[in-house]
Every structure is written in C-alpha cells, then in structure tokens.
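Below, chains carry the letters A, B, ... as their sequence lines are ordered, and counting in each starts from 1.
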2 protein chains.
Amino acid sequence: MAILLRPASWGLFSWRGYCSRGTQGRLSAGFVEALKAVVGSPYVSTAAVVREQHGHDESMHRCQPPDAVVWPQNVEQVSRLAALCYGQGVPIIPFGTGTGLEGGVCAVQGGVCINLTRMDRILELNPEDFSVVVEPGVTRKALNTHLRDSGLWFPVDPGADASLCGMAATGASGTNSVRYGTMRDNVLNLEVVLPSGQRLHTAGPGRRFRKSAAGYNLTGLFVGSEGTLGLITAATLHLHPVPEATVAATCAFPTVQAAVDSTVHILQAAVPVARIEFLDEVMMDACNRHSKLNCCVAPTLFLEFHGSEQALAEQVQCTEEIIRHNGGSHFSWAKEAEERSRLWAARHNAWYASLALRPGCKGYSTDVCVPISRLPEILVQTKEDLEAWRLTGTIVGHVGDGNFHCILLVDPEDPEELLRVQAFAEQLGRRALALHGTCTGEHGIGLGKRQLLPEEVGEVGMETMRQIKATLDPQGLMNPGKVL
Amino acid sequence: MAILLRPASWGLFSWRGYCSRGTQGRLSAGFVEALKAVVGSPYVSTAAVVREQHGHDESMHRCQPPDAVVWPQNVEQVSRLAALCYGQGVPIIPFGTGTGLEGGVCAVQGGVCINLTRMDRILELNPEDFSVVVEPGVTRKALNTHLRDSGLWFPVDPGADASLCGMAATGASGTNSVRYGTMRDNVLNLEVVLPSGQRLHTAGPGRRFRKSAAGYNLTGLFVGSEGTLGLITAATLHLHPVPEATVAATCAFPTVQAAVDSTVHILQAAVPVARIEFLDEVMMDACNRHSKLNCCVAPTLFLEFHGSEQALAEQVQCTEEIIRHNGGSHFSWAKEAEERSRLWAARHNAWYASLALRPGCKGYSTDVCVPISRLPEILVQTKEDLEAWRLTGTIVGHVGDGNFHCILLVDPEDPEELLRVQAFAEQLGRRALALHGTCTGEHGIGLGKRQLLPEEVGEVGMETMRQIKATLDPQGLMNPGKVL
C-alpha cells in the first residue's frame with residue numbers, strides 16, 4: 001500500500017514533521033525588501049523555523065509554510081502589503097493565533113503570511129451601546145479582561161483563546177452560543193482589507209448600530225469567509241451584560257436519547273440555559289481517569305445558567321424537573337466560581353482527557369451539526385462507526401445547537417490508522433448531511449472539508465460561492481486552496 | 001418653482017394617482033402567451049387595474065405598474081418564468097403582500113411582476129427542531145395561527161401582516177426584535193430562484209441546522225437583498241417557544257433622555273424585555289384624541305415582558321425600580337390579553353392616530369437607527385427639525401434597538417409640503433449617519449434611500465455591493481432600480 005507512505009497526497013491528514021521546505025526562496029530578494037519597506041525589517045521573516053510555525057494550526061493538517069511572514073502594525077500597512085502581494089501575484093494568508101482546526105493557515109501555494117497579532121488595540125468601547133471595536137490581535141480573553149469593570153462581556157467561547165477577528169473569519173461559536181449566538185450573531189461591523197488593498201467597512205465606516213436594512217449584508221458575508229475574501233483588520237462586536245449570578249450543574253442519563261430529550265424539553269420550556277454540553281460515557285470515563293474524578297460513567301449533560309439569584313432558582317428547579325422526568329440522575333449543582341470550575345473540570349479537560357486515553361497519540365476533532373431531533377440517531381451511528389473503524393474516540397457536544405465533536409485518537413506513526421480516521425470523519429460528515437445537517441458547525445471548511453462542501457450546498461450553491469470568490473478575489477490569491 | 005409641479009422627477013415622493021400608463025403593451029403578444037404557457041391563462045394579467053395594484057406598496061412612492069402580473073403556483077413555474085424573462089431581457093419584480101414602505105415593488109422599468117401569494121403552503125414543521133419551512137405566500141399571522149397548538153411561534157413582527165419571505169427579502173424586524181432578533185437572525189435557509197431560473201438553497205438543499213461554518217453565508221446575503229438578487233420561493237425559519245405568560249406596561253417620563261436612560265439600564269440589567277417602544281408626547285396626544293384615552297401627554301415607554309409567572313414578577317420589579325430611579329411615573333401594568341391590548345392600544349394605533357391629526361393627509365414614515373446612546377440627541381434634533389421645516393410628525397420607536405420612526409403628515413394636494421417632507425427625511429437620514437447610525441433600520445433602501453446608501457456604506461462598500469449584484473444578476477433585471 002504505497003499510498004499510505006505518501007501522506008502529502010492525502011490532502012486531509014498529515015503531520016507537522018513532514019514540513020515541506022521546498023518553498024523558501026520562491027520570493028525574490030527585491031520582493032522581500034519591498035515587504036520590509038512596508039512594515040520595517042524586524043517585522044519580516046523568511047527564517048525556516050518562523051515559516052514553519054506559521055504553516056500549520058492546531059489540527060493535524062500537514063504543515064505548509066509560507067515563503068515569508070510579516071507583522072504589520074496598522075491597517076495602512078496591511079493595505080500596502082495586500083496591494084504589493086496582489087500586484088505581484090503572491091498568495092496572501094492571514095494569521096491570527098493559529099488555533100484553527102481545519103488547516104485554514106496552511107500556505108498551500110506558499111506566499112506571504114500576514115500575522116496580525118501586533119495589531120492588538122481595543123480601539124473603542126461604548127458600554128451604553130453594548131459595543132466594542134477591536135484590532136485583529138485582540139483575543140477573546142484579553143477583551144474580557146479589559147471589560148472586567150464595565151459590567152459587560154463577550155460570550156462567544158470556542159475554547160481556545162483565539163483572536164476575535166480570527167473567530168469572525170472562521171464563524172466560530174462554542175459553548176455559550178445556545179444562549180448568546182455565534183460570531184455570525186455578534187459581529188456588528190468589520191474592517192476588511194480587500195486583496196486590492198482597498199479598505200472595506202462591511203456596515204459602513206464607523207457604523208455600530210444594532211440592526212440595519214441598508215443594502216447587502218456584507219458583514220454576514222465576511223463572517224465565516226476564512227480569509228478567502230480579504231483580511232479582517234478590525235471588528236465591532238456586540239457585548240452582553242455580565243450575569244448577576246451563575247449556576248453550574250451536571251447530571252447523568254440512562255441513554256443518549258434521554259439526554260437529548262431533556263435538552264429539547266429545556267429549550268421548549270424557554271429556560272434560557274447559557275451552556276448545555278453533552279459528554280458520552282467514553283468521554284466521562286476518560287475524564288474520571290485523567291482528572292481522578294468519580295463521575296458516573298454514563299451519557300452526561302453539563303449545564304450552566306446565567307441570571308439573577310431568583311431567576312436562577314426557577315431555572316434550576318424547572319430543569320431538574322425536566323431531567324428527572326427523562327430519567328436523569330446523579331445531579332450536582334454548584335454556585336461559587338471554584339465549585340463550578342471543579343464541577344465542569346471534566347468538560348474543560350475533555351481534550352486532554354481524551355488524549356490521555358492513548359498516550360503518544362494525537363487528537364482530531366470532527367464538527368458536524370444536525371437538527372437537534374436527529375442527534376440521538378447520529379450519536380448512536382457514530383458510536384457504531386467508531387467500533388466498525390476500530391477507532392478510539394470520545395464525544396462532546398454543544399447539544400443545544402445540535403453540534404458535536406468526536407475526538408479521535410490517532411497514532412502518528414500509523415498511517416493506516418490515519419486513513420481510517422479520515423474515512424470515519426468523511427462518513428460522519430455524510431451522515432450529518434443525510435440528516436439535514438452540516439459538515440461543520442463551527443470549525444470551518446478550511447482544507448479538510450472541501451470535498452464535503454459541494455455535497456452540503458449543492459451545485460448551484462457552489463457556483464454562487466465561486467462567483468462571489470471570483471468577483472472579490474479575481475486572481476484567487478486570498479488564502480488560496482481553502483473553502484472552495 | 002416649476003420643479004414643484006413635476007413630482008415624477010423627484011424620485012422619492014409622488015402619488016398613486018400619477019400612475020404612468022405608458023408601459024402597457026411593451027410586452028409582445030408572443031411573450032404574454034409564453035407567460036401563460038408557464039402558469040396558465042388565468043394566472044397572467046395585463047389589465048391596467050391589476051398592473052396598477054401591483055405598481056406600488058403602502059408608501060407614497062409613485063405607482064409604477066409592471067407590464068404584466070403573473071401568479072405562479074409552484075417553484076418550477078417561478079424558475080421557468082425567471083428564465084423566460086431573463087432570456088428576453090424583461091425585468092422581474094417579486095411581489096408578496098405589497099406592504100413594503102420604500103417602493104420596493106415599483107416597476108421602474110416595467111417588466112413582469114411575479115406575485116407569489118398563490119404559493120402559500122406551510123411545507124414542513126419540525127417542532128423539536130424549532131423550525132418551519134414556508135412558501136412565499138405565507139404571512140406572519142397565518143404562520144402563527146398554524147402554530148397555535150405547537151407551543152411555538154414566530155416572533156418577528158413588523159406590524160403589517162406581511163409575507164414571511166417578503167420580510168426576509170426586506171430584512172424586516174419590528175417590535176419584538178430587541179429580544180428575539182430580526183429576520184437576519186431568524187432565517188435558517190432560503191430557496192431562491194436566481195435570474196437564470198436556477199434554484200439556489202442558500203444553506204444547501206433541505207438543510208435546517210441551527211448553525212454552520214460551511215462556506216459563505218449566502219442566507220445572510222439574500223436576507224435584506226430586496227428582490228434584487230433573486231426570488232425567494234421558500235424560507236426555513238427559526239421558531240421560539242410561546243412564553244408561559246406576558247405582562248404589558250406603560251409609563252411616562254419627564255424627558256426623552258430619561259426614557260432612553262431607562263432603556264439602557266433595563267438592558268444593562270439583563271432584563272429580557274420582549275418589547276420596549278418609545279412614543280413621544282405628540283404621539284401620545286394624538287393617541288389620546290384618536291382613541292379617546294386619557295394617557296399622560298409625555299415621552300412614554302410601552303413595555304412587554306415574556307416569561308414564567310415568577311420570572312415576570314422579578315422582571316417587572318426590576319424594571320419599575322430602574323424607571324422610578326430615572327424619574328418615570330404613571331405606571332400601568334396589565335396581564336390579561338384584553339387588558340394588555342387596551343393598554344397597548346396607543347402603540348397599536350399609532351399610525352392611524354397620527355393620520356387623524358390632519359384628516360385628508362397621507363403618512364410617510366422615516367426609519368433611522370442609531371447606537372442607543374445617541375437616541376436622545378437625535379430625537380431632540382428631530383423635533384427641532386420638524387419645527388424648522390413646519391411639518392407635523394409623531395415619533396414612535398423600537399428604542400431597545402435604537403430604531404425610531406417619524407410619521408410625517410403630508411397634504412397630497414401640496415407638492416411644496418411634499419418637498420419639505422423629502423428634505424426633512426434626507427436630513428434625518430444624514431443626522432443618523434453622523435451619529436454612527438443607519439438610514440434604515442428595517443424598511444430597506446428600496447427607491448427612497450438610494451441617495452443615502454453611498455453615504456452610509458462608503459465608496460468601497462458600494463463598489464462591493466455593485467460587484468455582487470453584477471455577478472448574480474449580470475443583466476440587471478432583478479427588481480431593477482432598487483437598493484443600488
């Protein structure tokens with residue numbers, strides 16, 4: 001099976017160690033000098049180690065380093081860099097924190113990686129209007145630290161301390177989105193440098209209204225475009241009031257169906273649950289081992305409620321009734337921050353607990369999302385598929401949105417297992433599509449799911465997306481090889 | 001002032017009575033036969049009265065009738081009609097309930113009006129997934145009647161009993177959006193017939209997931225595109241649980257500032273208010289006269305809360321504290337449906353109460369939206385402007401979103417007053433733009449605000465929108481003359 005020894009040809013999975021070194025030197029000395037003239041010499045690097053650091057994200061996609069990395073310090077420089085690259089036919093790859101999970105930063109055609117982390121100012125906070133403007137280097141945690149005394153916070157939480165503009169580019173969401181929405185719901189405006197170097201404000205320069213019906217929704221178009229249409233250089237975000245109090249809970253269920261039924265009933269009862277996360281029994285077992293916990297090894301829901309003391313008491317009571325009615329048991333409730341953190345340890349450490357199941361292995365996370373009523377069906381199928389493909393995997397999901405991840409453990413020395421992971425992930429994507437779902441709820445298409453996108457959106461959908469791409473990036477130089 | 005006698009040249013305002021009759025007969029007999037071959041003879045009309053009915057919406061924009069009106073009965077017919085018109089270079093104008101407010105259905109270049117009201121089936125209801133699929137003839141009230149026993153409802157409420165697909169096309173919102181969001185937040189998928197006749201499913205065929213990060217957000221692009229990119233032939237909508245109970249309230253304030261401050265504080269306190277509407281003292285006075293009420297003639301907030309009995313009690317208490325702290329008085333609370341309806345009569349009848357201020361006059365509604373902190377400033381300016389322009393106008397607004405309407409009374413026999421209304425509305429739009437706002441929160445650009453859109457989104461924004469339009473409608477035949 002010679003193919004197994006040529007991971008570069010798979011497209012989907014490979015290892016950082018296989019970094020191609022053939023791209024360096026593809027840029028002329030004159031072009032590198034021109035980059036330096038824009039941002040200053042210290043902010044351009046063609047060193048192999050730097051390029052390799054920028055050739056991969058946190059996924060298992062093969063490292064594909066850019067030819068150079070530049071660190072602009074302001075939007076004018078980003079404009080000049082884009083115009084320079086575009087004029088010379090050089091690919092442009094935006095780079096935030098590198099915490100993506102679908103190879104979105106891999107420089108598949110080489111080119112210039114534009115690392116935006118040195119633009120990290122919080123430009124404008126308007127507490128009365130619940131809005132803030134951030135540069136692309138500002139991360140989610142940095143913003144929330146800045147907001148500490150304002151009574152406001154930004155709730156979208158994909159887990160990683162990603163940059164907010166990167167989260168906008170990916171269309172990220174995470175554990176809080178059942179209540180607070182995803183990036184698509186919480187971005188009010190974007191400043192985007194188009195490939196030509198022109199600066200676009202998707203909702204108009206300086207606009208920070210809550211709603212509008214003026215022209216095409218360009219903000220919505222750029223959120224989730226994964227760097228393929230332009231570079232996001234600032235985002236105006238919608239903030240939310242910090243809840244007066246928070247209660248966390250966990251409880252165990254006899255079956256997946258019972259856990260999902262409880263979730264549907266909680267949503268139907270209009271309980272404004274802030275987080276509702278599902279962990280399967282394999283995940284719970286892994287958490288017990290990893291964190292020396294003594295949780296029930298069963299399908300489990302982790303919940304969090306935000307509100308006033310009085311509202312929380314009612315939410316908790318209503319939820320407990322629904323859960324008991326569906327056969328849930330082993331309730332734990334926690335109110336103080338430390339106690340909540342202890343209770344949610346299993347959820348927070350899910351990734352590392354999964355990795356610890358097979359030391360030395362790497363993790364790969366699937367990301368399908370289905371209508372919530374189809375969750376039990378696909379979760380049962382997924383567990384059967386894991387067995388059929390002889391794979392170790394845990395399941396953790398944002399069950400309120402119908403989105404779940406299967407964290408697969410893969411031996412990096414076993415290319416045959418890697419192929420099975422790839423096949424399993426594709427099959428899971430197709431199962432989700434068959435159930436009216438999507439192959440990616442929040443990680444994006446990137447490199448890894450391009451083969452599934454046409455099956456998801458259909459030929460006319462693909463053609464429409466291709467037309468938009470060709471219109472806004474006629475040379476195909478913005479993060480090439482991604483999404484389409 | 002000869003210009004005052006030529007209203008057709010203004011672009012913005014005129015009267016239905018000035019209907020141009022010059023367009024009829026522009027379609028060849030053969031083309032009309034071809035239309036009949038698609039939908040059947042009874043479903044094509046070139047009668048002047050029918051064409052005139054379809055040449056205007058509820059606004060004051062001059063009636064501009066299409067050359068023919070057709071009533072397709074299914075999406076295949078819509079596809080064939082689009083392909084037929086596009087092949088012959090004939091403009092296509094989608095028509096729902098005709099309840100728009102910016103001339104979106106005026107056939108400025110003639111063409112074929114496609115009336116979609118005969119496609120009025122509710123195709124699929126998935127209560128567990130909080131989703132429903134509707135054809136374009138289904139109105140908001142028809143859907144909510146259908147949902148009556150499901151425990152679910154669709155909350156977006158622009159006032160008129162508009163078609164849901166028309167609301168999607170306009171990017172409508174209304175009184176409930178402070179809590180439940182606008183159409184942009186509540187459309188999961190759209191079926192769109194492109195000008196070529198191809199059928200696009202913006203999120204993919206049959207998809208009804210709650211969130212996705214797969215490719216470009218085409219759903220977001222078509223919501224608010226005002227029929228200029230394609231014909232919406234089905235919408236998948238996100239439903240919400242019916243609240244257990246509802247409480248309505250009104251209270252009066254010494255100043256506009258006090259009313260807006262109360263709103264900000266209510267939102268900052270995370271009170272999940274469902275509606276929060278502002279009426280100025282002129283509006284309240286008009287309501288008193290029109291409905292023989294005895295309300296306080298002062299800036300007033302109308303509020304509505306949704307939740308459990310217990311949650312409502314707390315919301316009401318918290319709100320009352322905030323309002324008293326800001327100098328509010330004259331509280332009225334109502335719980336039973338009839339009582340609530342009586343309490344909210346002033347708000348519900350705002351349009352007619354305004355019209356009654358000057359019998360024989362017509363109404364025109366402005367629609368700006370600003371960051372909420374700028375509301376007091378722009379409201380004070382607006383009242384001064386009304387005086388300066390010698391106009392009668394009432395103010396009513398979705399204050400939680402920063403969106404308000406000034407309902408202007410215009411004597412249809414007085415073209416000079418009409419010009420003043422036009423000048424006032426443009427000035428108000430520009431005042432909103434200067435305060436980081438938008439010229440249209442929910443009515444759309446249509447015909448009436450095209451001159452403001454470039455000022456709002458800037459040259460690069462306009463160019464990007466034009467490029468998208470040219471890509472998806474290269475001949476410029478989809479609802480021509482609107483938005484751009």
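Each of B/K482, B/K449, B/H443 was scored for a side chain to side chain donor-acceptor pair (under 3.5 Å) with B/E102, with one residue passing: B/K449.
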Please evaluate residues B/C318 and B/I322 with respect to the criterion side chain to side chain contact (heavy atoms under 4.5 Å, CB included), reporting the C-alpha separation (whole Å), side-chain torsions for both, the decisive distance (0.1 Å), and the verdict.
CA-CA 6 Å; B/C318 177; B/I322 288 169; 4.0 Å; yes
Hey, mind stepping through A/L239 and A/L147 against side chain to side chain contact (heavy atoms under 4.5 Å, CB included) and telling me if it holds?
CA-CA 10 Å; A/L239 302 174; A/L147 293 174; 3.8 Å; yes
Pair B/L194-A/T464, side chain to side chain contact (heavy atoms under 4.5 Å, CB included): steps then yes or no
CA-CA 10 Å; B/L194 297 173; A/T464 306; 4.1 Å; yes
For the pair B/L229 and B/F222, evaluate side chain to side chain contact (heavy atoms under 4.5 Å, CB included) and give the outcome as yes or no after the intermediate values.
CA-CA 7 Å; B/L229 302 178; B/F222 279 85; 3.5 Å; yes
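Ring planes of A/F130 and A/H238: tilted class, angle from 30 to 60°.
By number of non-hydrogen pairs under 4.5 angstrom with chain A, the leading residue of B/L472, B/T228, B/T170 is B/T228. The residue among A/R210, A/M465, A/Q467 with the most heavy atom pairs within less than 4.5 Å of chain B is A/M465. Per-residue heavy-atom pair counts under 4.5 Å with chain A were compared for B/E314, B/E244, B/H306, B/E128, and the maximum is reached by B/E314. Of the listed residues A/A432, A/G171, A/G444, the one with more heavy-atom pairs under 4.5 angstrom with chain B than any other is A/G444. Across A/L267, A/V370, A/L484, the residue that shares the most heavy-atom pairs under 4.5 angstrom with chain B is A/L267. If you tally non-hydrogen atom pairs under 4.5 Å between each of B/G461, B/P371, B/G204 and chain A, the highest count goes to B/P371. Here A/R207 is the residue among A/H265, A/Q198, A/R207 with the most heavy-atom pairs under 4.5 Å with chain B. When B/A470, B/S196, B/C439, B/C369 are compared by the number of non-hydrogen pairs under 4.5 Å with chain A, B/C369 comes out ahead. Of the listed residues B/L221, B/L433, B/D367, B/V264, the one with more heavy-atom pairs under 4.5 angstrom with chain A than any other is B/L433. Considering only heavy-atom pairs separated by less than 4.5 Å from chain A, the leading option among B/G402, B/G458, B/P205, B/G224 is B/P205.
Ion pair B/D401/A/K211 flagged as a salt bridge, since at least one NZ, NE, NH1 or NH2 atom sits closer than 4.0 Å to an Asp/Glu carboxylate oxygen. A salt bridge is absent between A/E459 and B/R199; no separation between the charged side-chain nitrogens and carboxylate oxygens falls under 4.0 Å. With salt bridges taken as basic N to acidic carboxylate O contacts below 4.0 Å, one links A/E124 and A/R208.
For a residue to count as touching a neighbouring chain, one of its non-hydrogen atoms must lie under 4.5 Å from one of that chain's; by this rule A/V483 touches chain B with the side chain only. Looking at A/K469, the atoms closer than 4.5 Å to chain B (heavy atoms on both sides) sit in the backbone and in the side chain alike. Proximity to chain A is absent for every atom of B/E463, based on heavy atoms less than 4.5 angstrom apart. Only the side chain of A/H398 comes within less than 4.5 Å of a heavy atom in chain B; its backbone stays farther off. Using a 4.5 Å cut-off between heavy atoms, B/A203 contacts chain A through its backbone alone, with no side-chain atom that close. Contact of B/L200 with chain A is made through backbone and side chain together, with heavy-atom distances under 4.5 Å. With a threshold of 4.5 angstrom between heavy atoms, A/A270 approaches chain B through its backbone and through its side chain. Neither the backbone nor the side chain of B/L152 has a heavy atom closer than 4.5 Å to any heavy atom of chain A. For A/L435, no part sits under 4.5 Å from any heavy atom of chain B, backbone or side chain. Using a 4.5 Å cut-off between heavy atoms, A/L218 touches chain B through its side chain atoms alone. For chain B, no part of A/Q315 is nearby; none of its heavy atoms comes within less than 4.5 Å. Of the two parts of A/I445, the backbone and the side chain both hold a non-hydrogen atom closer than 4.5 Å to a non-hydrogen atom of chain B.
Taking non-hydrogen atoms and a 4.5 Å limit, the residue list of residues 183-192 of chain B in contact with chain A, ordered by number, reads B/R184, B/D185. Scanning residues 172-182 of chain A against chain B with a 4.5 Å non-hydrogen threshold yields A/S173, A/G174, A/S177, A/T182, sorted by number.
Side-chain atoms of B/H436 come within 3.5 Å of backbone atoms of A/G206 as a donor-acceptor pair (strictly under, hydrogens ignored). Formation of a donor-acceptor pair under 3.5 Å by the B/D129 side chain with backbone atoms of A/S373 is found in this model. The closest donor-acceptor contact from the side chain of B/N403 to the backbone of B/V368 lies under 3.5 Å. Proximity of a side-chain donor or acceptor of A/T438 to a complementary backbone N or O of A/G441 within less than 3.5 Å is not detected.
Under the 4.5 Å side-chain criterion, counting only non-hydrogen atoms from C-beta, A/V260 is in contact with A/I372. Contact of the B/T246 side chain with the B/F305 side chain is not registered, since no non-hydrogen atoms from C-beta on lie closer than 4.5 Å. When side chains are defined from C-beta on, A/P127 counts as touching A/L125, because their heavy atoms get closer than 4.5 Å.
Looking at B/H201 and A/E456, their side chains never bring a donor and an acceptor atom within 3.5 Å of each other. Side chains of A/Q268 and B/H240: a donor-acceptor N/O pair is absent below 3.5 angstrom, by distance only.
Counting all heavy atoms, side chain and backbone alike, A/M167 lies closest to A/P158 at CE-CD, 3.7 Å. In terms of heavy atoms, B/R450 sits closest to B/G446 at CG-O, 3.4 Å.
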